[in-house]
Amino acid sequence: MKFQGIYTPIITSFSADGNIDYNAWKIVIDNQIDNGVHGLIVGGSTGEFYTMSKEERLAQFAFANDYIGNRVPWIAGVNDMLATEAYAYAAAAKAAGADAMLVAAPPYSLPDESELAAHVIRIDEAADLPIILYNYPGRTGVEMGTSFMDAVADRKNIVAIKESSGDVNRIHQLTLDYPQVQLSAGAEDQVLEFFSWGAQSWVCACANIFPKACVAFYQACVVDKDFVKGQQFMAILMPVMELLEQSGKFVQCVKLGAKLQGIDGGPVRLPMMAMSDEMSEQVQTVIETAAVKLDKLMSA
């Protein structure tokens, strides 16, 4: 399976009483597809999977498969603190109709690299679906390092890695040492570096806010090889990306940004809480400024 383009880890819409609002979520999905993204990720951390019950997660998989249909591929986030549940989610994703899975290390347990490799192999065996590895030590506490990659990179279902460590040297290492594994941009503020090193896809939280612009950014760099225009996109989006990566309020920023563009995902779930008025005003200023500049760039 080739991963090329913008794959959005979509927000989950919640109603004021905290339940999943599937009618609002339809609007989230349609907005992404209508603006040209190449695939959707359901059950990722941007979608607040870690706040959901098992029943909710499985229902979300089923709904996504039925509603998305064949319009774009959808990728299931199957991660869980309990390893055996991750294997069950993998099998459920296959049964629901997912096209692939996003697989990270289980949080908190801090497996070593051989244990992590064994975990990923068990997920692979549970579902036999293409896998995008997700290296995010800032969230999981462990790195998908060299010995891990050596153990899994040649498996037929290990097709890509979303690299979110923030270490630019990982971009070089993965490109040079593991060319059999497709590189996908995962650190929002390093996207241009990923594209310049040959990444063909971007797992793009920012596309929840600016899907059309993120697709145009991808088109400029990957398809047209126009890195001058790519730099222009990056310069405009960088303040947004810095907010997402450094604010400590990642999902809150994404949801507010989407709301400012007309897509209301509702509140975040506990333990997260709404941002302060001061921070909300800061996010609004950054998003609205970027929106005006992006419109001007894309219409030039």
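Counting from 1, the numbers follow the sequence of the chain as shown. Small disclaimer: the values here were computed from a predicted structure and weren't measured.
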For this session: Report yes or no: do Asp150 and Tyr178 form a side-chain donor-acceptor pair below 3.5 Å?
Result: yes
Problem set entry | Check ion pair Lys229-Asp224 (N to O, under 4.0 angstrom) | no
Exercise. To the nearest 0.5 Å, what is the distance between CG (Asp189) and CE (Met238)?
Worked result: 6.0 Å
Seminar exercise, completed: From the list Ile287, Val286, Thr285, side-chain contact (heavy atoms from CB on, under 4.5 Å) with Thr289 holds only for Thr285
For this session: Check step by step if salt bridge (Lys or Arg N to Asp or Glu O under 4.0 Å) holds for Lys293 and Glu288.
Result: CA-CA 9 Å; Lys293 291 181 178 180; Glu288 290 178 346; over 6 Å; no
Exercise. Is there a donor-acceptor pair closer than 3.5 Å between any side-chain N or O of Lys94 and the backbone N or O of Ala127?
Worked result: yes
For this session: Could you check whether the rings of His38 and Tyr7 sit parallel, tilted or perpendicular, using 30° and 60° as the cut-offs?
Result: tilted
Exercise. Taking 4.0 angstrom as the limit, do Asp128 and Lys156 come out as a salt bridge?
Worked result: yes
For this session: Mark yes when over 12 heavy atoms from residues, nucleotides or ligands other than Met273 sit less than 6.0 Å from its CE; otherwise mark no.
Result: no
Exercise. So, Glu115 versus Ser109: side-chain donor-acceptor pair below 3.5 Å or not?
Worked result: no
For this session: Working to the nearest 0.5 Å, report the span between CG of Leu133 and CZ of Phe148.
Result: 4.5 Å
For this session: For the pair Trp74 and Phe61, name the ring-plane relationship: parallel under 30°, tilted 30 to 60°, perpendicular over 60°.
Result: tilted
For this session: Start with the C-alpha distance between Glu48 and Thr12, add both sets of side-chain angles, then the distance that settles side chain to side chain donor-acceptor pair (under 3.5 Å), and finish with yes or no.
Result: CA-CA 7 Å; Glu48 300 175 73; Thr12 298; over 6 Å; no
Problem set entry | Separation between CD of Gln219 and NZ of Lys225, rounded to the nearest 0.5 Å | 11.0 Å
Problem set entry | For Ser165, all residues meeting side chain to side chain donor-acceptor pair (under 3.5 Å), sequence neighbours excluded | Glu163
Seminar exercise, completed: Value for CG (Leu102) from CD1 (Ile75), rounded to nearest 0.5 Å, stands at 7.5 Å
Exercise. Think Arg57 forms a cation-pi with Phe49, using NZ or CZ under 6.0 Å from the six-ring centre and within 45 degrees of its axis?
Worked result: no
Exercise. Looking only at side chains, do Gln32 and Thr8 share a donor and an acceptor under 3.5 Å apart?
Worked result: yes
Seminar exercise, completed: Going by chain and number, the hydrophobic cluster around Tyr108 (ILVMFWY, side chain to side chain under 4.5 Å) further includes Met81
Exercise. Got a donor-acceptor contact below 3.5 angstrom from the Asn19 side chain to the Ser15 backbone?
Worked result: no
Exercise. Do the side chains of Met101 and Ile158 join up, straight or via other hydrophobic residues, at under 4.5 Å, putting them in one cluster?
Worked result: yes
Exercise. Listed by chain and number, what are the side chain to side chain donor-acceptor pair (under 3.5 Å) partners of Ser280, not counting sequence neighbours?
Worked result: none
Problem set entry | Leu192 side, atom CG; Met241 side, atom CE - distance, nearest 0.5 Å | 9.0 Å
Exercise. Aromatic rings Phe217 and Trp202: how do their planes relate, parallel, tilted or perpendicular, breaks at 30° and 60°?
Worked result: perpendicular
For this session: May I ask you to check whether over 12 heavy atoms, not counting those of Glu278, lie within 6.0 Å of atom CD?
Result: no
For this session: Could you tell me whether Tyr67 and Trp25 have their ring centroids closer than 6.0 angstrom?
Result: no
Exercise. Take atom CG in Asp17; do more than 12 heavy atoms of anything else shown fall under 6.0 Å from it?
Worked result: yes
For this session: Identify whether the distance between the nearest side-chain nitrogen and carboxylate oxygen of Arg71 and Asp30 falls below 4.0 Å.
Result: yes
For this session: Just do the side chain to side chain donor-acceptor pair (under 3.5 Å) check on Glu281 and Ser276 with the steps written out, would you?
Result: CA-CA 9 Å; Glu281 290 173 5; Ser276 66; over 6 Å; no
